[in-house]
Amino acid sequence: RVGIGHGYRQDHHAQAVAMTSLVPTHTTNPDLHRLAQRIAISQRDEIKLMQTWLRDHQQSVAAADTLVAQQTAARSMDMPGMSMADSATALMPGMLNPRQMTELATATGAPFDSLFLRDMIRHHQGALTMVAKLLGTQGSAQESAVFQFASSVDADQRAEIARMTGLLAAGPPSSTHR
């Protein structure tokens with residue numbers, strides 16, 4: 001059965017929440033703080049929607065906090081010799097591998113801002129790829145909840161990509177960074 005909320009989508013959203021959780025301690029850029037808050041709220045709401053869909057369709061559901069904790073912990077698992085193909089998350093478009101999460105987690109100030117924006121743009125583009133795949137699957141858009149979810153994700157991700165691209169192009173306001 002085609003639907004929303006399967007593990008790869010929840011994990012993808014959970015990684016975005018883990019990424020945004022770094023913002024308060026890694027930058028003082030108010031634009032990034034507002035953006036990260038918006039992303040975290042929308043991603044958590046979408047995780048809840050996916051979990052509801054899974055429960056309604058008698059599927060197993062991981063707790064949102066567990067998903068975010070797993071994604072946060074993943075950055076400490078960067079092991080030499082481990083290729084992206086060795087990781088289950090490697091199959092999800094736009095997701096950061098453990099090395100990339102570690103790089104993001106160790107950056108601060110303007111370098112963090114730039115890396116966060118580039119990584120989150122790529123992450124959101126991956127979500128658009130998955131939405132297109134979902135909607136391109138025969139019968140997927142026949143269920144209104146699936147169509148509404150995919151349409152909402154598509155619109156939100158595109159708007160956030162535009163906002164992040166603008167912030168990246170504008171560069172950091174030097175007086176607001178450590």
Side-chain angles (χ1 to χ4, degrees), residues 4-6 8-50 53 64 67-68 71-72 74-75 84 89-97 99-137 140-141 144-178:
I4 58 176
H6 295 285
Y8 76 94
R9 290 294 305 159
Q10 291 182 70
D11 288 349
H12 197 271
H13 278 59
Q15 186 179 76
V17 174
M19 291 168 69
T20 61
S21 73
L22 298 170
V23 170
T25 57
H26 289 68
T27 184
T28 57
N29 182 331
D31 291 329
L32 225 53
H33 281 261
R34 284 187 293 273
L35 175 71
Q37 184 178 26
R38 160 79 174 88
I39 291 171
I41 289 168
S42 68
Q43 297 292 299
R44 286 186 188 277
D45 287 349
E46 289 170 5
I47 288 171
K48 288 176 187 173
L49 191 146
M50 287 184 269
W53 190 93
L67 292 166
V68 173
Q71 287 300 324
T72 302
R75 72 172 174 259
M84 283 195 54
T89 60
L91 302 176
M92 292 173 272
M95 285 189 72
L96 277 64
N97 64 34
R99 179 190 53 76
Q100 292 167 317
M101 281 295 290
T102 298
E103 183 181 0
L104 182 63
T106 57
T108 59
F112 172 84
D113 294 3
S114 178
L115 191 57
F116 176 85
L117 290 168
R118 286 192 325 263
D119 287 346
M120 192 61 79
I121 288 168
R122 185 174 59 248
H123 197 273
H124 278 31
Q125 288 168 336
L128 292 174
T129 298
M130 288 188 283
V131 164
K133 183 177 180 180
L134 175 64
L135 291 177
T137 302
S140 66
S144 65
V146 173
F147 181 76
Q148 288 174 351
F149 173 79
S151 297
S152 175
V153 168
D154 186 84
D156 287 349
Q157 302 296 288
R158 288 182 191 282
E160 289 172 358
I161 288 170
R163 176 71 176 136
M164 290 184 286
T165 300
L167 288 173
L168 196 55
S174 59
S175 63
T176 61
H177 293 279
R178 294 185 235 167

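Any value given below was found using the heavy atoms of this structure, including those in side chains, with hydrogens, waters and symmetry copies removed.
Within the 4.5 Å cutoff, side-chain heavy atoms of His12 are placed close to those of His123. Proximity of Arg158 to Asp154: side-chain heavy atoms (C-beta onward) are separated by under 4.5 Å at one or more points. Here the side chains of Arg163 and Arg38 are not in contact, with every heavy-atom distance at 4.5 Å or above. In this structure the side chain of Asp119 never reaches within 4.5 angstrom of the side chain of Glu103, judged on heavy atoms. A 4.5 Å side-chain heavy-atom check between Glu160 and Met120 finds every atom pair outside the cut-off. Inter-residue side-chain proximity for Ile39 and Met164 is flagged as met; some heavy-atom pair is nearer than 4.5 Å. Arg122 has its side chain within reach of Leu96: a pair of non-hydrogen atoms, C-beta onward, lies under 4.5 Å apart.
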(message) As a quick check of understanding, evaluate side chain to side chain contact (heavy atoms under 4.5 Å, CB included) for Leu35 and Leu117, giving each step before the final call.
(response) CA-CA 10 Å; Leu35 175 71; Leu117 290 168; 3.8 Å; yes

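Without hydrogens or angle criteria, Ser152 side chain to Gln148 main chain gives no donor-acceptor distance under 3.5 Å. Here the side chain of His13 pairs no donor or acceptor atom with the backbone of Ser42 at under 3.5 angstrom.
The two residues Thr20 and Ala40 make their nearest non-hydrogen contact at OG1-CB, 3.5 Å. The shortest non-hydrogen separation linking Met95 to Asp11 is CE-O, 3.8 Å. The minimum heavy-atom distance linking Ile47 with Ala14 is given by the pair CD1-N, 3.9 Å. Residues Ala150 and Leu134 come closest through the heavy atom pair CB-CD2, 4.2 Å. Between Asp31 and Asn29, the shortest heavy-atom contact is N-OD1, 2.9 Å.
Note that the CG atom of Asp156 and the CG atom of Leu128 stand 10.5 Å from one another [nearest 0.5 Å]. A distance of 7.0 Å separates CG of Leu32 from CG of Leu167, quoted to the nearest 0.5 Å. The OG1 atom of Thr129 sits 13.5 Å away from the CE atom of Met92 when rounded to the nearest 0.5 Å.
A 6.0 Å sphere centred on CD of Gln125 holds more than 12 heavy atoms belonging to other residues, nucleotides or ligands.
By the side-chain contact (heavy atoms from CB on, under 4.5 Å) test, Ser114 is found to be paired with Arg118, Leu168, residues two or more places apart in sequence or in another chain being considered. By the ring pair (Phe, Tyr, Trp, His ring centres under 6.0 Å) test, Phe112 is found to be paired with His26, Phe116, residues two or more places apart in sequence or in another chain being considered.
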